[in-house]
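Step one of this worksheet: look at the structure below.
Given the structure is predicted, the values throughout are model-derived calculations rather than measurements. First listed ligand is number 1; within each ligand, the first listed atom is number 1.
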Amino acid sequence: MADYVAHGVLLPRSKSDICDNLMKFIVIELDDVVVACGALEIFNENLCEIRSLVVAENQKRHGFGRILVDKLIEKAISLGLKRIMALTYVPSFFHNAGFRTVPKEIFPEKVWGVCFKCCKFNDCDEIAVLKELS
Ligand SMILES: CC(C)(COP(=O)(O)OP(=O)(O)OC[C@H]1O[C@@H](n2cnc3c(N)ncnc32)[C@H](O)[C@@H]1OP(=O)(O)O)[C@@H](O)C(=O)NCCC(=O)NCCS
């Protein structure tokens with residue numbers, strides 16, 4: 001994740017935040033090396049979010065991102081959650097997986113629960129995408 005944070009593609013998360021939320025992550029390993037990860041954040045039964053989705057630069061376009069998104073969707077469905085969203089700079093990747101672009105304002109749980117603490121709150125250029133699960 002650190003490489004993408006450095007390039008401004010991903011918002012920073014502290015080590016303690018990641019440790020606190022470790023059980024929300026799934027990873028893909030190749031030869032004992034983690035090459036991709038993603039996390040499922042649950043707000044309530046109506047909404048969850050794909051967070052911290054990254055594939056190592058040298059492993060992109062091998063289908064790993066899609067595998068992670070599909071697994072996180074599967075997990076959300078198994079928990080009975082109704083909608084899954086993401087904030088992203090690559091909406092077309094998510095469109096490919098059945099998401100559509102929506103206004104961020106339809107997610108008060110995210111905007112007022114998480115985003116307002118973010119340094120980019122007043123200047124957020126990420127795009128919101130949503131997939132209905134039911
Ligand atoms: C976005 C990201 C997770 C995609 O992972 P990936 O493993 O390279 O993607 P996949 O190989 O699984 O691609 C799945 C599909 O999406 C398409 N795709 C992949 N990256 C894309 C992009 N940047 N823009 C548009 N489409 C993309 C692929 O062509 C493929 O399409 P297909 O099913 O028609 O063949 C990866 O590029 C990444 O880590 N980016 C930097 C971090 C980031 O932006 N994460 C998203 C934060 S929410």
Let me check something: do V54 and I50 share a hydrophobic cluster, defined by ILVMFWY side-chain heavy atoms less than 4.5 Å apart, either directly or through other members? no
Hey, does the side chain of K104 reach the backbone of E126 with a donor-acceptor pair shorter than 3.5 angstrom? yes
Close N or O approach (I50, ligand 1; < 3.5 Å): no
Among all protein heavy atoms, pick the one closest to atom 25 (C) of ligand 1 and tell me residue, atom and distance. S92 OG, 3.3 Å
Does L53 belong to the same Ile/Leu/Val/Met/Phe/Trp/Tyr cluster as I26, with side-chain heavy atoms less than 4.5 Å apart forming each link? yes
Numbered atoms and elements of ligand 1 in range of H62, under 4.0 angstrom, heavy atoms: 11 (O)
For V54, the atoms of ligand 1 under 4.0 Å from one of its heavy atoms are 39 (O), 42 (C)
Do V90 and I73 belong to the same hydrophobic cluster, where Ile, Leu, Val, Met, Phe, Trp and Tyr are linked whenever their side-chain heavy atoms lie under 4.5 Å apart, directly or via other members? yes
To the nearest 0.1 Å, how far is atom 23 (N) of ligand 1 from its closest protein heavy atom, and which atom is that? V90 CG1, 3.6 Å
Who's closest to atom 20 (N) of ligand 1 heavy-atom-wise, of M1, R61, K60? R61
Look at the side-chain heavy atoms of Ile, Leu, Val, Met, Phe, Trp and Tyr, link any pair under 4.5 Å apart, and say whether V34 and I28 land in one connected group. no
Smallest separation among heavy atoms of L68 and A36, with atom names: CD1-CB, 3.6 Å
protein heavy-atom neighbour closest to atom 46 (C) of ligand 1 works out as L53 O, 3.5 Å
Within the 4.0 Å heavy-atom cut-off, what F93 brings close to ligand 1 is both
Tell me: protein heavy atom nearest atom 32 (P) of ligand 1, and distance? N96 OD1, 3.9 Å
Under 4.0 Å from atom 35 (O) of ligand 1, is there any protein heavy atom? no
In one Ile/Leu/Val/Met/Phe/Trp/Tyr side-chain cluster, 4.5 Å: V129, I84: yes
Nearest protein heavy atom to atom 41 (C) of ligand 1, by residue and atom, and its distance? Y4 CE2, 3.4 Å
Given Q59, which of H62, R61, E57 fulfils the side chain to side chain donor-acceptor pair (under 3.5 Å) condition? H62
Take every heavy atom of Y89, measure it against each atom of ligand 1, and state whether any distance is under 4.0 Å. no
As an exercise, identify every atom of ligand 1 less than 4.0 angstrom from a heavy atom of L87. 48 (S)
Can you tell me if NZ on K120 sees more than 12 non-hydrogen neighbours from other groups inside 6.0 Å? yes
Out of curiosity, E41 CD to L47 CG, how far, rounded to the nearest 0.5 Å? 10.0 Å
Determine whether any protein heavy atom is located less than 4.0 Å from atom 43 (C) of ligand 1. yes
Specify side chain, backbone, both or neither for I67, according to which of its non-hydrogen atoms lie closer than 4.0 Å to ligand 1. neither
Protein heavy-atom partner closest to atom 39 (O) of ligand 1 - residue, atom, separation in Å: V55 N, 2.8 Å
Verify, without hydrogens or angle tests, whether Y4 (side chain) and S52 (backbone) share a donor-acceptor contact under 3.5 angstrom. no
Write out the residue and atom name of the closest protein heavy atom to atom 7 (O) of ligand 1, then the distance separating them to 0.1 Å. G65 N, 2.8 Å
Determine, step by step, whether K110 and L87 satisfy the side-chain contact (heavy atoms from CB on, under 4.5 Å) criterion, reporting the C-alpha distance in whole Å, the side-chain angles of both residues, the deciding distance to 0.1 Å, and the verdict. CA-CA 10 Å; K110 171 71 178 172; L87 286 183; 3.6 Å; yes
Honestly, for V9 the part within reach of ligand 1 (heavy atoms, under 4.0 Å) is side chain
Contact with ligand 1 for G63, non-hydrogen, under 4.0 angstrom: yes
Ligand 1 atoms in contact with R66 (distance to a heavy atom under 4.0 Å): 12 (O), 14 (C)
